[in-house]
Amino acid sequence: MNELQLMKNNNYFLFLCMISIIQCTQELTHPNQILAKVGKHTISVDQFTKSYSFGPSALKEGPNSKVDYLNAMINELFLYEMLSQNPQYSISQTDSRLMLLKDEYLVEKMFTENVNENIYISDEEIIESIKASKKKLKLSYLFTRFIDTAENCLNVLKKVNNYNQLTDELFEISDEFSIGETKYLVYGEIDEPLNSIIFSLLPGQISKIITTELGYYILRVDDVITESVSNMDFEMNKKRHKKILWNKKGNIIAKEYLDSFLSPKNIIVKAETFNTIVNELYPLYKQYNSLPNDIFQLIDEFKTMDNRDDWLQDTLVTFNSGGITCREIVLHIQRRPLFFNTKTINVFAEDFQKRLAIIIRDYFLINDAIKKGYHTSILLENELIIWKNNLVVNDYINSIKKDLLSQSYYEKSNTLDREIINEISEKTKILIKYKLDSLKTKIPVEINQDILLNIEVDDQMIGHVPEVKLFKLGLPYFRLAYPSPNPLLGIIN
């Protein structure tokens, strides 16, 4: 592998720039208002709306979805109130999950400051977006697998008025093409880049040669149907199209920001060290599928047994003012739930190379965020507290399931089936319900029903599988967008 100037490589740059900009729902009530109190803990309007927006559909299926979801959040706090008194269930501030969440918060903060806060969308832009969605086009197309044929055909097409009136001259050039007409198409019906190009063409206009994975297209718009946008259309579609425009503008601004932020650093990945880290990590991923918690101990043992050099201290990445060692990179990778294709070492190397681009990007973003003092933010501290509470409760629920699973596995002659799994789930629910019934008699609860009634939430995500976990900020893995209660806590009311 040659020296990798990752930030100069267009393919890598596109990969690390692909981010998901999340636009928060605007509430009718103030986000800092207290919606509920459970003992000494509170649930704010902001906590509820964020959790609700990204929470699982199983907690929002009933006719009173806001009430049901809030009950699940309250049940979580009941359990946390109990578990927080027992050191057995405490989570250290250096827990790898919390450290990763802190890293992700700092990256997100940098994007918020440099991307989100620079996105402006006018009503006029929204109207044009709605118009575009109502626009229908009918096309003629020519397709060929050969660029020479496409170039020759384009010269002929510019001389005729209709694809159906092509002269013999076109067929004399080549027979290695096909022509045809489409039905009326709406925006987004076909894949990019064809979609954007088609809807930028004027009636009668012939496109340039369009390169795709399959071959080459030349397009011409034969007919256009447009509809006006009424006030009702605008109000009904405003929210959705604002999100569409938000994401489009966000991606453009993010690319510009990352280019200006990273390019001056002259980032280079050293080829020889890259090959070393691939050769060292490949057998570990092949055996464990991820890096174990004692990864550095394992590496030291291998080093001693095989009399290897301490490659962890080698510099993998250089930049204007310093370098990043293999140890630092491995530490960043270990925190993240990354899975690599280990079919062959070459496939692994290609996969690792892509993930490394994101790790390097985040390394610099996190360091810059720390220099700006974002790591001491009260907002970060509050969000980590919410995550920590959520993790403690989920660890507790999972420990109950694990104990029941071990017991069933032993009693059922080392076999497990769906019936046993369902039985374990039911037993877990009974045990949790018993705990909650007891806690509800000891811990006071207050709910502001008026605030709950007036909270505006986004129910459009209900029923969509990707709502629970999603790619966020170009992360090469799925993560929860915001802590949400375990679905089991919604069943128990």
Within a strict 4.5 Å, meaning less than it, do heavy atoms of the [X] and [Y] side chains meet?
{"X": "I277", "Y": "V330", "value": "yes"}
{"X": "S44", "Y": "L35", "value": "no"}
{"X": "F78", "Y": "N75", "value": "yes"}
{"X": "I358", "Y": "R355", "value": "no"}
{"X": "L83", "Y": "D395", "value": "no"}
{"X": "M110", "Y": "L106", "value": "no"}
{"X": "P337", "Y": "L100", "value": "yes"}
{"X": "E426", "Y": "N422", "value": "no"}

Side-chain donor/acceptor of [X] to backbone N/O of [Y], under 3.5 Å:
{"X": "K60", "Y": "G55", "value": "yes"}
{"X": "K270", "Y": "T318", "value": "no"}
{"X": "S51", "Y": "P483", "value": "yes"}
{"X": "K242", "Y": "I126", "value": "no"}
{"X": "T273", "Y": "V269", "value": "no"}
{"X": "N320", "Y": "P264", "value": "yes"}
{"X": "S129", "Y": "E125", "value": "no"}
{"X": "K286", "Y": "T342", "value": "yes"}
{"X": "S263", "Y": "S260", "value": "no"}
{"X": "D259", "Y": "K255", "value": "no"}

Step by step, would you call D368 with F261 a side-chain contact (heavy atoms from CB on, under 4.5 Å)? CA-CA 10 Å; D368 206 52; F261 176 68; 3.8 Å; yes

How are the rings of [X] and [Y] set relative to one another: parallel (under 30°), tilted (30 to 60°) or perpendicular (over 60°)?
{"X": "Y285", "Y": "F348", "value": "tilted"}
{"X": "F319", "Y": "F364", "value": "perpendicular"}
{"X": "F352", "Y": "F274", "value": "tilted"}
{"X": "Y396", "Y": "Y89", "value": "perpendicular"}

Kindly give the heavy-atom pair with the smallest separation between [X] and [Y], and that separation in Å.
{"X": "G250", "Y": "I119", "answer": "CA-CD1, 3.6 Å"}
{"X": "H375", "Y": "I370", "answer": "CE1-O, 3.4 Å"}
{"X": "L59", "Y": "G490", "answer": "CD2-CA, 3.3 Å"}
{"X": "R361", "Y": "F111", "answer": "NH1-CZ, 4.0 Å"}
{"X": "N118", "Y": "I253", "answer": "O-CD1, 3.5 Å"}
{"X": "V115", "Y": "A254", "answer": "CG2-CA, 3.8 Å"}

[atom1] of [X]: more than 12 outside heavy atoms within 6.0 angstrom?
{"X": "R97", "atom1": "CZ", "value": "yes"}
{"X": "K208", "atom1": "NZ", "value": "no"}
{"X": "K402", "atom1": "NZ", "value": "no"}
{"X": "K388", "atom1": "NZ", "value": "yes"}
{"X": "K435", "atom1": "NZ", "value": "no"}

Inspect the contact between K427 and E423 and indicate whether a charged nitrogen and a carboxylate oxygen are less than 4.0 angstrom apart. yes

Run the salt-bridge test on K50 and E383 with the 4.0 Å N-O cut-off and return the result as yes or no. no

Should the pair K66 and Y52 be classed as cation-pi, given the thresholds of under 6.0 Å to the six-membered ring centre and 45° from the axis? no

Which value, rounded to the nearest 0.5 Å, describes the distance between [X] atom [atom1] and [Y] atom [atom2]?
{"X": "W311", "Y": "T276", "atom1": "CH2", "atom2": "OG1", "answer": "8.5 Å"}
{"X": "L391", "Y": "I386", "atom1": "CG", "atom2": "CD1", "answer": "12.0 Å"}
{"X": "I424", "Y": "L404", "atom1": "CD1", "atom2": "CG", "answer": "6.0 Å"}
{"X": "T315", "Y": "I268", "atom1": "OG1", "atom2": "CD1", "answer": "13.0 Å"}
{"X": "L154", "Y": "I218", "atom1": "CG", "atom2": "CD1", "answer": "4.5 Å"}
{"X": "N398", "Y": "D403", "atom1": "CG", "atom2": "CG", "answer": "11.0 Å"}

Partners of D314 by salt bridge (charged side-chain N to carboxylate O under 4.0 Å, His left out), sequence neighbours excluded?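 Residues passing salt bridge (charged side-chain N to carboxylate O under 4.0 Å, His left out) with D314: none at all.
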
Derivation and outcome, side-chain contact (heavy atoms from CB on, under 4.5 Å), residues Y216 and T149: CA-CA 9 Å; Y216 304 93; T149 302; over 6 Å; no

Let me see the working for N279 and I345 under side-chain contact (heavy atoms from CB on, under 4.5 Å), right down to the final yes or no. CA-CA 8 Å; N279 287 328; I345 193 168; 3.1 Å; yes

Pair I324-I329, side-chain contact (heavy atoms from CB on, under 4.5 Å): steps then yes or no: CA-CA 7 Å; I324 308 172; I329 293 295; 3.8 Å; yes

Testing the 3.5 Å rule here: is there a donor-acceptor pair between the side chains of N390 and N394?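 Distance-only check passes for N390 and N394.
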
N486 and E76 side chains, donor-acceptor separation under 3.5 Å: no

Only counting residues at least two apart or in another chain, list the ones meeting side-chain contact (heavy atoms from CB on, under 4.5 Å) with S92. T94

